[in-house]
Amino acid sequence: MPNEMREEILAKAGTWNLILLEKEQRTTVVTKILREAMSLSLAEAMKLKKKMPGSVLIGTKFETDRLKPLLAAEGLKASIGRSVTTIGVVDRIGL
C-alpha cells in the first residue's frame, strides 16, 4: 500500500498493536511466520522476536488483522488491541 494512503488510514482509524503471548519455546515459530508474511529482513525479524511476549508491532487494523489468523493456524497465541502511539512514530508497521 502506498505510504500516503497508509498514513491517511492511520490518521483516520488509529493504530493497532499485534500482541504476542508466546514465550521462549514458540518465539522462533512466530518469528518465521511474521518474517515470511511481512517480507522482513533477518535483522527486522530478530527485533520482533526480542519484543516477545508483548506488543511486537504497530500498524493499521488491516495489517494486524491479517497476521493473527496466520499465527492461530499454528496454534500461537496473539491478540490485537488499539494503540495509543502517535502517527509520527509509526513507520513500516512500527518496527
Side-chain angles (χ1 to χ4, degrees):
M1 151 182 350
N3 200 37
E4 298 87 31
M5 183 183 294
R6 183 174 183 272
E7 291 298 322
E8 188 174 324
I9 291 169
L10 290 169
K12 289 181 181 176
T15 56
W16 295 79
N17 286 316
L18 178 67
I19 303 159
L20 291 164
L21 308 173
E22 297 298 335
K23 301 209 190 270
E24 293 289 320
Q25 308 90 322
R26 305 287 313 254
T27 58
T28 301
V29 176
V30 172
T31 304
K32 181 180 176 187
I33 292 168
L34 294 179
R35 184 174 184 209
E36 185 176 307
M38 298 168 57
S39 301
L40 300 175
S41 69
L42 182 56
E44 290 170 324
M46 295 314 292
K47 282 183 185 178
L48 295 183
K49 186 176 182 179
K50 289 179 182 177
K51 294 179 179 182
M52 291 180 232
S55 175
V56 296
L57 62 92
I58 299 168
T60 65
K61 178 111 170 75
F62 174 79
E63 290 166 340
T64 55
D65 279 349
R66 84 175 184 87
L67 296 170
K68 189 175 178 187
L70 298 175
L71 297 163
E74 296 296 323
L76 300 165
K77 299 173 190 162
S79 64
I80 297 169
R82 296 271 286 169
S83 174
V84 292
T85 303
T86 59
I87 293 171
V89 177
V90 179
D91 67 308
R92 195 158 193 269
I93 312 183
L95 295 178

Engineer: If we only count heavy atoms from C-beta on, is the T64 to N17 side-chain gap below 4.5 Å?
Structural biologist: no
Engineer: Which heavy atom in L71 sits nearest to a heavy atom in A78, and how many Å separate them?
Structural biologist: CD1-CB, 3.9 Å
Engineer: Let me confirm one number: the CH2-OG1 distance from W16 to T60, rounded to the nearest 0.5 Å.
Structural biologist: 10.5 Å
Engineer: Compare all side-chain heavy atoms of M38 with those of E44 and state whether any distance is below 4.5 angstrom.
Structural biologist: no
Engineer: Taking only residues two or more places apart in sequence, or in another chain, which ones meet E8 in a side-chain hydrogen bond (donor to acceptor under 3.5 Å, both in side chains)?
Structural biologist: K12
Engineer: Closest approach of R26 and E74, non-hydrogen atoms and distance?
Structural biologist: NH2-O, 2.9 Å
Engineer: Kindly indicate whether the side chain of M52, heavy atoms from C-beta on, has any atom under 4.5 Å from the side chain of T31.
Structural biologist: yes
Engineer: Just to verify, which of L76, L57, L67, V56 counts as forming a side-chain contact (heavy atoms from CB on, under 4.5 Å) with L20?
Structural biologist: V56
Engineer: Check whether R66 reaches the backbone of A37 with its side chain - one donor and one acceptor, N or O, closer than 3.5 Å.
Structural biologist: yes
Engineer: Applying side chain to side chain contact (heavy atoms under 4.5 Å, CB included), name anything that partners P2, two or more places apart in sequence or on another chain.
Structural biologist: E4, M5
Engineer: Of all residues at least two apart in sequence or in a different chain, which pass the side-chain hydrogen bond (donor to acceptor under 3.5 Å, both in side chains) check with T27?
Structural biologist: none
Engineer: Can you list the residues that meet the side-chain hydrogen bond (donor to acceptor under 3.5 Å, both in side chains) rule with T28, with sequence neighbours excluded?
Structural biologist: K49
Engineer: Kindly compute the distance separating CG (L10) from CD (E63), expressed to the nearest 0.5 Å.
Structural biologist: 7.0 Å
Engineer: Less than 4.5 Å apart, side chain to side chain, heavy atoms only: is that true for M46 and R35?
Structural biologist: no
Engineer: Going by the rule side chain to side chain contact (heavy atoms under 4.5 Å, CB included), which residues pair with A72 if we only count those two or more places apart in sequence or in a different chain?
Structural biologist: none
Engineer: Taking L48 as the starting point, is it possible to reach I80 by hopping between hydrophobic residues whose side chains are less than 4.5 Å apart?
Structural biologist: yes
Engineer: Would you please name every residue forming a side-chain hydrogen bond (donor to acceptor under 3.5 Å, both in side chains) with K61, sequence neighbours left out?
Structural biologist: D65
